[in-house]
Amino acid sequence: MTSAGAPATPILHIDMDAFYASVAVRERPELWEVPVIVGGGYRGVVLSANYLAREHGVRSGMPATRARRLCPQAVVVAPDHELFGRVSTAVVETFRRVTPLVEVVSLDEAFLDVSGSVRRLGPPVEIAEQVRATIHDEQAITCSVGVAATISVAKLASKRAKPDGVVVVPPEEITTFLHPLDVGELYGVGEKTRAMLHRLGLVTVGDVAHTPVRTLQRAVGDHLGRHLHGLAWGDDRREVVAGSSGAFGLGGAEPDRSMGAQETFGRDVDDRTVVLRELLRLTSTVTGRMRVAGVAGRTVTLTVRFADFTTITRSRTMSEATDVTQEVYRTATALYDALGLQRARLRLVGVRVEGLAPRESVHHQHVLGEREHGWSEADRAVDRAARRFGSAAVRPASLLS
DNA sequence: TCTGGGGTCCTAGGACCC
DNA sequence: TCTGGGGTCCTAGGACCC
């Protein structure tokens, strides 16, 4: 690489190693050489497991019951999201000292475009090692870094680098790197799509690369077919966008399109009163967050998961966007009652508001606005009290037990 | 004691409009 | 009077990611 030109591999994907578990162990040094599982409470799943637990087959996302069967000697730690958030913020600050072009994917993962940093800090691989050393010194946790010309290859490279390493994929080695991988490694290929592709005899990324786009599209849909064929050849033009990206990584630093909350009951519920109380609690959580963000939304979606895990959604779009708890709750209740459930056992309910837009951009009809004015004022009074005394201090009467 | 919670995007059908 | 084509919105479900 010349000092004047842009680096051939300017993108870093930095991924904390077993982030929650590493932070938990850091806080409790006696767990250093013990299998550790974070999360996994009642009816829960594993949020993170350290490498000693992974040796027994424990994986994040796995039902807690299964994890405990696989590794009964593991210590299970409750997650401390506030702590994880603080560590994450500190780590991201370290990234931003390298470059302003930091795209935060989640608490434990980010992309950095270091094109503009090589003159000051050296080639990308050296920047990667500097960042790793800094995080290790300051936070006492390790991370892995993938270095490549594109986002998708950098991400795959960081996975290969785990734990506690760096992998660089130069441009001329991209297909050599990609083609032996299982198709399931590609971004956007989950369990279902992987099984579908395997049934067609497409096992490796190379197989996908050498399949006509039309064939892929018939198998997995127009969009995904085209997307996968591109990725299989390392074709990924997405740039690092400063800010936080959504889970799918396409939005980049854009405001939320929806906000929601859901809850799995401790025990399955068939009592309408209990369900409605939970819907009110979830709704006030969501609308409270909406008001903090200064957004309102038009579509309310109710999610219901039955005891057998089948899940349905029902949605209704209102003529006016709202952030008013009572309006969203009324809509959610109507959707629930329209299901006509008779003693069906529910495992989970959820409420989501979609079609969010900045509140000030939302047109208000005066007649409707006046009718709802009282509720809106009530919400704002609740918000003020919650800020002053904590959210537990103010809640609807029906949530008082 | 099987399977969390926060999201995004895609697909597909029907309604509706031009 | 046998019937097009495109665009947008709404709804429901599904897949995926962290």
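The model shown is predicted, which means the values in this text are computed figures rather than measured ones. Labels below follow one simple rule: chain letters A, B, ... track the order of the sequence lines, proteins then strands, and each chain is numbered from 1. When reading the values below, keep in mind they use all heavy atoms of this one structure, side chains included, and skip hydrogens, waters and symmetry mates.
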How close or far is atom [atom2] of [N] from atom [atom1] of [X], stated in whole angstroms?
X: A:Asp17; N: C:dC18; atom1: CG; atom2: P; answer: 15 Å
X: A:Arg316; N: C:dT11; atom1: CZ; atom2: C1'; answer: 12 Å
X: A:Met290; N: B:dG6; atom1: CE; atom2: C1'; answer: 16 Å
X: A:Glu185; N: C:dC18; atom1: CD; atom2: P; answer: 11 Å
X: A:Lys155; N: C:dC18; atom1: NZ; atom2: C1'; answer: 8 Å
X: A:Gln262; N: B:dT3; atom1: CD; atom2: P; answer: 14 Å
X: A:Glu354; N: C:dA12; atom1: CD; atom2: C1'; answer: 11 Å

State whether A:Thr313 places a side-chain N or O below 4.0 Å from either non-bridging phosphate oxygen (OP1 or OP2) of C:dG13.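 For C:dG13, OP1 or OP2 has a side-chain N or O of A:Thr313 closer than 4.0 Å.
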Could you tell me whether the phosphate oxygens of B:dT3, OP1 or OP2, come under 4.0 Å of any side-chain nitrogen or oxygen in A:Thr65?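 For B:dT3, OP1/OP2 do not have a side-chain N/O of A:Thr65 under 4.0 Å.
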Side chain of [X] (C-beta onward), nearest among [options]:
X: A:Thr317; options: C:dC10, B:dT1, B:dG4; result: C:dC10
X: A:Arg314; options: C:dA12, B:dG6, C:dC18; result: C:dA12
X: A:Leu47; options: B:dG4, C:dC10, C:dC16; result: B:dG4
X: A:Pro63; options: B:dG6, C:dA12, B:dT3; result: B:dT3
X: A:Asp256; options: B:dT8, C:dG13, B:dG4; result: B:dT8
X: A:His223; options: B:dC10, B:dG5, B:dC2; result: B:dC10
X: A:Lys192; options: C:dA15, B:dG6, B:dG4; result: C:dA15
X: A:Thr299; options: C:dT11, C:dC18, B:dG4; result: C:dT11

Would you classify [X] as touching base, sugar-phosphate or nothing, given that sugar-phosphate means primed atoms plus P, OP1 and OP2, and contacts are heavy atoms under 4.0 Å?
X: A:Leu356; answer: nothing
X: A:Gly260; answer: sugar-phosphate
X: A:Arg257; answer: sugar-phosphate
X: A:Ile312; answer: sugar-phosphate
X: A:Thr193; answer: sugar-phosphate
X: A:Ala261; answer: sugar-phosphate
X: A:Arg43; answer: sugar-phosphate
X: A:Arg298; answer: sugar-phosphate
X: A:Leu107; answer: nothing
X: A:Met259; answer: sugar-phosphate
X: A:Ser315; answer: sugar-phosphate

Please map the stems of DNA chain C, keeping only stretches of three or more Watson-Crick or G-U wobble pairs with both distances under 3.5 angstrom.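 Looking at DNA chain C, the stems formed by three or more consecutive pairs are B:5-18 with C:5-18.
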Looking at A:Val203, is its backbone amide N or carbonyl O close enough to the side chain of A:Asp207 to form a donor-acceptor pair, meaning the two atoms are under 3.5 Å apart?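 Side chain of A:Asp207 to backbone of A:Val203, a donor-acceptor pair under 3.5 Å: yes, one is there.
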Is a side-chain N or O of A:Thr311 found less than 3.5 angstrom from the main chain of A:Phe309, in a donor-acceptor match?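 At least one qualifying donor-acceptor pair exists.
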For residues 58-68 of chain A, which residue pairs qualify under salt bridge (Lys or Arg N to Asp or Glu O under 4.0 Å), counting only residues two or more places apart or in two chains?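 Every candidate salt bridge (Lys or Arg N to Asp or Glu O under 4.0 Å) pair involving residues 58-68 of chain A fails, so no pair, neighbours aside, qualifies.
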Are the charged groups of A:Arg120 and A:Glu126 less than 4.0 angstrom apart, N to O?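 Salt bridge absent between A:Arg120 and A:Glu126.
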Salt bridge between A:Arg345 and A:Asp308, side-chain N to carboxylate O under 4.0 Å?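 No, this pair does not count.
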Mapping A:Ser258 and A:Arg347 to their closest nucleotides on DNA chain B, which lands nearer the 5' end?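 So the residue in question is A:Arg347.
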Starting at the 5' end of DNA chain B, which residue's closest nucleotide do you reach first, A:Leu348 or A:Val220?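 Taking each residue's closest nucleotide, the earlier one in sequence belongs to A:Leu348.
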Aromatic plane relationship, A:Phe84 with A:Tyr20 - under 30° parallel, 30 to 60° tilted, over 60° perpendicular: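 Correct class here is parallel.
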Cut-off 3.5 Å, side chains only: do A:Arg69 and A:Thr65 have a donor facing an acceptor?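 The answer is no; no qualifying pair exists.
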For the residue pair A:Thr313 and A:Thr301, confirm or rule out a side-chain donor-acceptor distance under 3.5 Å.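 Distance-only check fails for A:Thr313 and A:Thr301.
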Would you say the base of B:dT3 stacks on A:Phe309 (centre-to-centre below 5.5 Å, plane angle below 30°)?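 Ring-base stacking flag set for A:Phe309 and B:dT3.
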Which whole number of Å gives the distance between the P atom of C:dG4 and that of B:dG14?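 Rounded to whole Å, the distance is 15 Å.
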Answer syn or anti for C:dC2, where the cut-off is 90° from 0 on the glycosidic torsion.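 You should classify C:dC2 as anti.
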Let me see the working for A:Asp17 and A:Thr142 under side chain to side chain donor-acceptor pair (under 3.5 Å), right down to the final yes or no. CA-CA 6 Å; A:Asp17 299 327; A:Thr142 65; 2.7 Å; yes
Is it possible for you to check whether A:Arg54 lies under 6.0 Å from the centre of the six-membered ring of A:Tyr51, through NZ or CZ, and within 45° of that ring's axis?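 Yes; both conditions hold, so A:Arg54 lies above the ring face of A:Tyr51.
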